[in-house]
Amino acid sequence: MKKSPKQLIAIAALAAIVLFIAAFVISAFTADSGEAGNRFMALLFGIIAVPLLAWILLFCVGRMQNKHTIAEIFPEDAKTKITDEKDGENL
């Protein structure tokens, strides 16, 4: 079964999130009191940053290919703009 680049990005992001959450839980039981705060903040940042970076990557790939993606903020506006550009109008 052949995977598209979008599916590979999503799978990689999901795997990274699972690893961050596992590290978060393991760190809760093994961290010393002095380093626990910094470790938790770093892992929390990773858990938040990975999906955000995956969304930005999917959005940029979609824009470079001039295609609609699930990462579109306002997909109905993009459809209208592309339809108008095909008709020869520039908004």
Side-chain angles (χ1 to χ4, degrees):
M1 182 166 57
K2 190 174 181 181
K3 301 274 186 205
S4 72
K6 292 178 189 178
Q7 289 174 331
L8 293 175
I9 292 169
I11 291 170
L14 185 61
I17 291 169
V18 168
L19 289 174
F20 275 122
I21 291 173
F24 199 78
V25 170
I26 292 169
S27 177
F29 296 110
T30 62
D32 293 335
S33 61
E35 64 187 40
N38 291 337
R39 192 180 295 179
F40 280 128
M41 291 306 290
L43 291 170
L44 185 62
F45 174 77
I47 290 170
I48 293 171
V50 166
L52 183 62
L53 292 174
W55 178 83
I56 291 170
L57 183 60
L58 287 173
F59 180 76
C60 290
V61 167
R63 283 296 183 182
M64 287 188 291
Q65 294 176 348
N66 201 16
K67 293 182 180 177
H68 300 293
T69 65
I70 196 166
E72 292 284 339
I73 298 172
F74 303 111
E76 60 275 355
D77 292 341
K79 289 178 186 175
T80 305
K81 184 176 180 182
I82 290 175
T83 304
D84 290 341
E85 288 175 357
K86 286 181 182 177
D87 292 337
E89 297 178 14
N90 289 327
L91 298 176

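No hydrogens, no waters, no symmetry mates; every other heavy atom, side chains included, goes into these values. Residues take their numbers from the sequence shown, with the count starting at 1. Since this is a predicted model, take the numbers as computed values, not measurements.
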Determine whether [X] and [Y] fall in the same hydrophobic cluster, where Ile, Leu, Val, Met, Phe, Trp and Tyr are linked whenever their side-chain heavy atoms lie under 4.5 Å apart.
{"X": "Phe59", "Y": "Val50", "value": "no"}
{"X": "Ile21", "Y": "Phe40", "value": "yes"}
{"X": "Leu43", "Y": "Ile17", "value": "yes"}

Drop me the distance from [X]'s [atom1] to [Y]'s [atom2], to the nearest 0.5 angstrom.
{"X": "Leu52", "Y": "Ile47", "atom1": "CG", "atom2": "CD1", "answer": "14.0 Å"}
{"X": "Phe20", "Y": "Ser27", "atom1": "CZ", "atom2": "OG", "answer": "12.5 Å"}
{"X": "Leu58", "Y": "Leu53", "atom1": "CG", "atom2": "CG", "answer": "11.0 Å"}

Using every non-hydrogen atom in the two residues, find where Gln7 and Lys2 come nearest and quote the distance to one decimal.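 Shortest heavy-atom separation between Gln7 and Lys2 comes out as OE1-O, 4.2 Å.
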Within-4.5 Å side-chain heavy-atom neighbours: Arg39 and Thr30: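 Result yes, sub-4.5 Å side-chain heavy-atom pair found.
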